[in-house]
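Working notes, structure below.
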Amino acid sequence: MQYRKDKYGEDLSLLGVGCMRFTKKGGSIDIDKAEKEIMEAYKAGVNYFDTAYVYSGSEVTIGEIFERNHIRENIKIATKLPQYLIANSAAVDKYFNEELKRLKTSYVDYYLMHHLTDIAMWEKLKKIGILEWIKEKKQSGAIRNIGFSYHGNTDNFLKILNDYDWDICQIQYNYMDEVSQAGVEGLKAAAAKGIPVVIMEPLRGGKLVNMLPEGAKKVMRDSGREWTPAEWSFRWLYNQPEVTVVLSGMNSVDMVQENCRTASEALAGQFTEADYRTLEAVTEKIMEREKVGCTGCRYCMPCPKGVDIPGIFRCYNAMYIESKSQGRFQYAQTVGLTKEPAFASQCVGCGKCEQHCPQEIPIREKLKEADKALRPLPYKIGISAARKFMFRKAKR
């Protein structure tokens, strides 16, 4: 296993275990199976384990496994504050103390503000006293490092990143999301500040393995590399020195062994020009099913009415590259749940965006199509309710 350093020089394994997708048995996590997978990873040198309050049964499961195998002091636990459930300062302690109990530990190595999508969510936490709370927990040793996990656009990521002296951050990033969400710009900005970056969704929930079109698989086979689709994804990430840890939700021992082997072999700067061309060709094959030829270059931005044009088109394309539900889910996360609305319905048809689009996309027409597809009535109602809940006023 290879390691990269955190902000304070601690070794973090290049591969981390994402503890959200353990196998269920009879409605509950199969702890014996999960234990075999976790211990296989641990024996191979993995020391970073990521969970969250809302991952059903996850914290309890890994707490039990770490205790029964006496490995707590040898590993790093990352878990998360469900900030979207927080309305006042008392709730912060309530959730944190419950997490410590579930994890059977007196401290958390990396504690993240979960699922920030907008600077407004962080501002709300500050209003209820989160900065004072963090300071007290770090001084007591209950929290070793503080960070945030992020789903939103690049601009809001940079605002959050620059607003506080973070110890770590976690972003969705893969060869299909290079210019979406925090993106490569966010990755490099965090690294420039010395903040380690943990990668989630390196395979887009397995879709860059299980849902690859046959044409994309053929490109990989013809490359001369004997790499699996998963290995291509991980090696692309490991090639970037700004990446600290890549999480994988592994649910078989074979998967653990393959990913640990890759994390032991892959080096930063090892990708060749031919490798990059292969993944470009793979991406083209995946994108053949897209609805809008948007590259995410953002020349159309900023929209004078606040419409997130590239974000909307990315989610619209995801409906046809992945699935309708996935596209709509990604839309809710990255466009629907920003403090300042960014909906296509805000477009007034001024046409400024089209004047700057290198692909000459009829943006105004495509925005109407995308909005209709991404926001059927049930989703409109759901997003509206979620916005009211997540952006309700904080109480100290």
Side-chain angles (χ1 to χ4, degrees), residues 1 3-13 15-20 22 28-29 31-32 34-35 37-39 41-43 45-86 88-116 125-126 128-149 164-170 195-196 198 200 244-245 247:
M1 180 59 57
Y3 299 86
R4 292 182 183 173
K5 302 289 186 182
D6 76 357
K7 190 175 180 180
Y8 303 105
E10 291 281 323
D11 282 336
L12 297 182
S13 54
L15 176 69
V17 175
C19 301
M20 185 173 72
F22 290 132
S28 301
I29 291 174
I31 190 169
D32 294 328
E35 182 173 21
E37 293 153 3
I38 282 178
M39 294 309 297
Y42 173 74
K43 290 169 186 175
V46 172
N47 69 358
Y48 192 94
F49 297 84
D50 172 89
T51 184
Y53 181 85
V54 294
Y55 299 169
S56 180
S58 176
E59 289 178 324
V60 170
T61 297
I62 65 173
E64 175 65 27
I65 291 170
F66 295 154
E67 183 181 62
R68 68 165 69 160
N69 289 279
H70 311 290
I71 62 172
R72 172 65 186 98
E73 297 305 314
N74 302 327
I75 54 93
K76 311 290 187 185
I77 295 176
T79 194
K80 309 177 188 80
L81 176 73
Q83 54 80 21
Y84 33 80
L85 301 177
I86 302 295
N88 53 58
S89 56
V92 180
D93 264 324
K94 172 184 175 293
Y95 287 113
F96 181 67
N97 290 333
E98 185 177 351
E99 289 181 300
L100 291 180
K101 184 177 180 181
R102 289 176 174 184
L103 291 163
K104 297 179 181 288
T105 187
S106 60
Y107 67 95
V108 173
D109 300 279
Y110 299 92
Y111 198 57
L112 282 61
M113 306 296 106
H114 193 197
H115 203 291
L116 296 183
L125 288 171
K126 290 199 294 184
I128 64 171
I130 196 71
L131 296 180
E132 297 83 357
W133 185 86
I134 291 170
K135 183 178 180 180
E136 187 274 321
K137 294 301 178 188
K138 290 188 79 172
Q139 287 177 341
S140 71
I143 292 173
R144 303 286 173 87
N145 299 272
I146 201 75
F148 66 100
S149 70
Y164 182 73
D165 185 18
W166 300 101
D167 299 316
I168 199 166
C169 66
Q170 182 171 314
I195 300 171
V198 176
M200 58 182 156
T244 310
V245 177
L247 298 176

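If you run ring pair (Phe, Tyr, Trp, His ring centres under 6.0 Å) between Y110 and each of F49, Y48, F148, only Y48 comes through. If you run side-chain contact (heavy atoms from CB on, under 4.5 Å) between P196 and each of N145, D6, V245, only D6 comes through. When each of T51, T79, T105 is tested with E59 by the rule side-chain hydrogen bond (donor to acceptor under 3.5 Å, both in side chains), just one qualifies, namely T79.
Of all heavy-atom pairs spanning K5 and T244, the tightest one is O-CG2, 3.7 Å. Nearest heavy-atom pair, F22 versus A34, reported as atom, atom and distance to 0.1 Å: CD2-CB, 3.8 Å. Closest approach of Y3 to M1, counting heavy atoms only: CE1-O, 3.2 Å. Looking at every heavy atom in both residues, G63 comes nearest to K104 through O-CD, 3.7 Å.
Using a 4.5 Å cut-off on side-chain heavy atoms (C-beta onward), D93 and K137 make contact. Residues V198 and L247 meet the side-chain proximity criterion, which asks for heavy atoms closer than 4.5 Å. Counting heavy atoms from C-beta outward, E99 and V108 have side chains that stay 4.5 Å or more apart. A 4.5 Å side-chain heavy-atom check between N69 and Y42 finds every atom pair outside the cut-off. I38 is listed as a side-chain neighbour of F66, based on a closest heavy-atom distance under 4.5 Å. By the 4.5 Å heavy-atom criterion applied to side chains, K80 and Q170 are counted as neighbours. Annotation: side chain of Y55 is not in contact with side chain of T61 (no heavy-atom distance under 4.5 Å).
With salt bridges taken as basic N to acidic carboxylate O contacts below 4.0 Å, one links R72 and D109. Using a cut-off of 4.0 Å between Lys/Arg side-chain N and Asp/Glu carboxylate O, R68 and E35 are scored as salt-bridged.
Judged by distance alone, with hydrogens and angles left aside, the side-chain atoms of S13 form a donor-acceptor pair with the main-chain N or O of N47 at under 3.5 Å. When atom types are taken as modelled, the side chain of D167 and the backbone of K7 share no donor-acceptor pair closer than 3.5 angstrom.
Ring geometry for Y95 against Y53 counts as perpendicular: the plane angle is over 60°, on a 0 to 90° scale with 30° as the lower cut.
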